[in-house]
There are 2 protein chains.
Amino acid sequence: MTVLESAPVKVQTCAGASTHPRPTGQDRYTISEVVAHTGLSAHTLRWYERIGLMPHVDRTHTGQRRFTNKDLDWLSLVGKLRLTGMPVADMVRYAELVREGEHTFSEREELLTAHRESVRQRIAELQDTLQVLDFKIDIYAGGRRVTERA
Amino acid sequence: MTVLESAPVKVQTCAGASTHPRPTGQDRYTISEVVAHTGLSAHTLRWYERIGLMPHVDRTHTGQRRFTNKDLDWLSLVGKLRLTGMPVADMVRYAELVREGEHTFSEREELLTAHRESVRQRIAELQDTLQVLDFKIDIYAGGRRVTERA
DNA sequence: CGCTTGCTTGGAGTGCACTCCAAGTCAATA
DNA sequence: TATTGACTTGGAGTGCACTCCAAGCAAGCG
């Protein structure tokens with residue numbers, strides 16, 4: 001069984017086929033569960049909250065955090081953006097826009113579109129370098145007789 | 001007159017079609033010329049030298065640096081590696097191997113091959129995220145009627 | 001009750017890759 | 001000769017993204 005089967009309404013909240021450890025309704029994860037699921041450290045999760053990179057996280061009556069599936073989705077997006085080199089400050093800006101509501105849709109779109117462009121450029125850059133690496137590796141692999149240079 | 005016109009032998013030293021500001025023989029660049037050519041700062045060039053990321057750079061009798069075309073080629077490679085996220089420590093290691101001579105060919109090849117693999121993975125990762133971005137941008141662009149979520 | 005485990009906090013510390021500073025030397029021009 | 005400007009050095013400072021610390025609270029177990 002995939003996690004999708006018993007989901008009642010299962011709104012596709014965010015990106016692609018994100019699967020949650022527990023169905024909506026039972027989704028109150030401790031920080032260590034989120035650590036296990038996301039690979040982020042507890043420190044980082046708390047830090048993300050402090051700097052405004054998380055929507056307000058639920059608390060128990062004793063003040064412990066309880067994360068929801070929605071939080072997991074958000075963290076998954078944040079993870080993608082971070083992986084693609086978006087500065088934390090920009091992600092915080094994006095989070096602010098989300099908090100401000102629907103009237104920021106176009107600004108959010110701009111932000112994401114700009115970032116997509118930068119990711120595309122980065123890919124191109126990397127592919128460019130790949131050729132240089134291929135070239136140099138060829139030299140090392142093929143010609144051990146080449147004279148010493150770099 | 002462009003700087004290239006009188007180029008005598010023009011040995012293709014390193015990667016691809018690298019063009020040098022001046023032909024071999026007249027290649028004694030000041031640090032500011034190298035700054036202009038590479039886009040690196042003078043600070044960074046000196047720092048690279050301090051940490052062992054440069055082969056020994058020539059000096060004038062008064063101690064000023066004079067870079068050669070070979071240095072430019074090396075910096076171009078370093079720039080590529082850095083752009084692709086190789087840690088400075090690894091680049092220093094590579095520089096050491098180069099200094100040690102031909103018997104380190106295979107270790108250099110390994111290092112470069114490993115890095116190539118990491119670059120490939122990085123590209124795949126980025127392309128993955130690109131899809132997420134496309135998906136979200138579509139939502140913002142297409143459906144302004146979608147309910148508020150991330 | 002005491003102990004352990006897991007969480008809480010503000011603030012300080014870390015590692016990387018620069019980046020800058022102060023003080024000095026040297027060569028060329030006014 | 002005086003000044004300007006490009007260069008030199010060791011060491012300190014910066015910005016980012018964490019990462020850790022000390023001290024404390026709450027729940028569960030023997």
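Here is how names work: the chains are called A, B, and so on, in the same order as the sequence lines, proteins then strands, and each is numbered from 1.
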Round to the nearest Å and state the distance from M91(A) atom CE to dC18(D) atom C1'. 11 Å
Are I51(A) and I31(A) joined in one hydrophobic group, where the rule is that I, L, V, M, F, W and Y side chains link up if heavy atoms are under 4.5 Å apart? yes
Please report the distance, rounded to the nearest Å, between CD1 in I51(B) and P in dG11(D). 17 Å
Name the one of R66(A), R22(A), R65(A) that satisfies salt bridge (charged side-chain N to carboxylate O under 4.0 Å, His left out) with E33(A)? R22(A)
In whole Å, I'd like the distance from the CD atom of E49(B) to the P atom of dT9(D). 7 Å
For the pair D71(A) (side chain) and T68(A) (backbone), establish whether a donor and an acceptor sit closer than 3.5 Å, ignoring hydrogens and angles. yes
Salt bridge flag under 4.0 Å for residues E102(B) and R108(B): no
Name the pairs: protein N/O against N/O of nucleotides 5-8 of chain D, kept only if under 3.5 Å.
from	atom 1	to	atom 2	distance (Å)
dC7(D)	OP1	T30(B)	OG1	3.2
dC7(D)	OP1	S32(B)	N	3.3
dC7(D)	OP1	S32(B)	OG	2.6
dC7(D)	OP2	S32(B)	OG	3.3
dT8(D)	OP1	R65(B)	N	2.7
dT8(D)	OP1	R65(B)	NH1	2.9
dT8(D)	OP2	R46(B)	NH1	2.5
dT8(D)	OP2	R65(B)	NH1	3.2
dT8(D)	O5'	R65(B)	NH1	3.3

Less than 4.0 angstrom between a side-chain N/O of H43(A) and OP1 or OP2 of dG11(C), yes or no? no
Does OP1 or OP2 of dA17(D) have a side-chain N or O of Y48(A) closer than 4.0 Å? no
When you measure from the side chain of S76(B) to the backbone N and O of L72(B), does any donor-acceptor pair fall under 3.5 Å? no
Atom-pair distance (CE on M86(A); P on dC16(D)), nearest Å: 15 Å
Could you check how far CZ of R50(B) sits from P of dC18(C), rounded to whole Å? 13 Å
In whole angstroms, the gap separating C1' of dC18(D) from CE of M54(A) amounts to 16 Å
Rounded to whole Å, CG of L53(B) lies from P of dC18(C) at a distance of 9 Å
Below 4.0 angstrom, N of the basic side chain to O of the carboxylate: do E117(B) and R122(B) qualify? no
To the nearest Å, give me how far apart CG (L45(A)) and C1' (dT8(C)) are. 14 Å
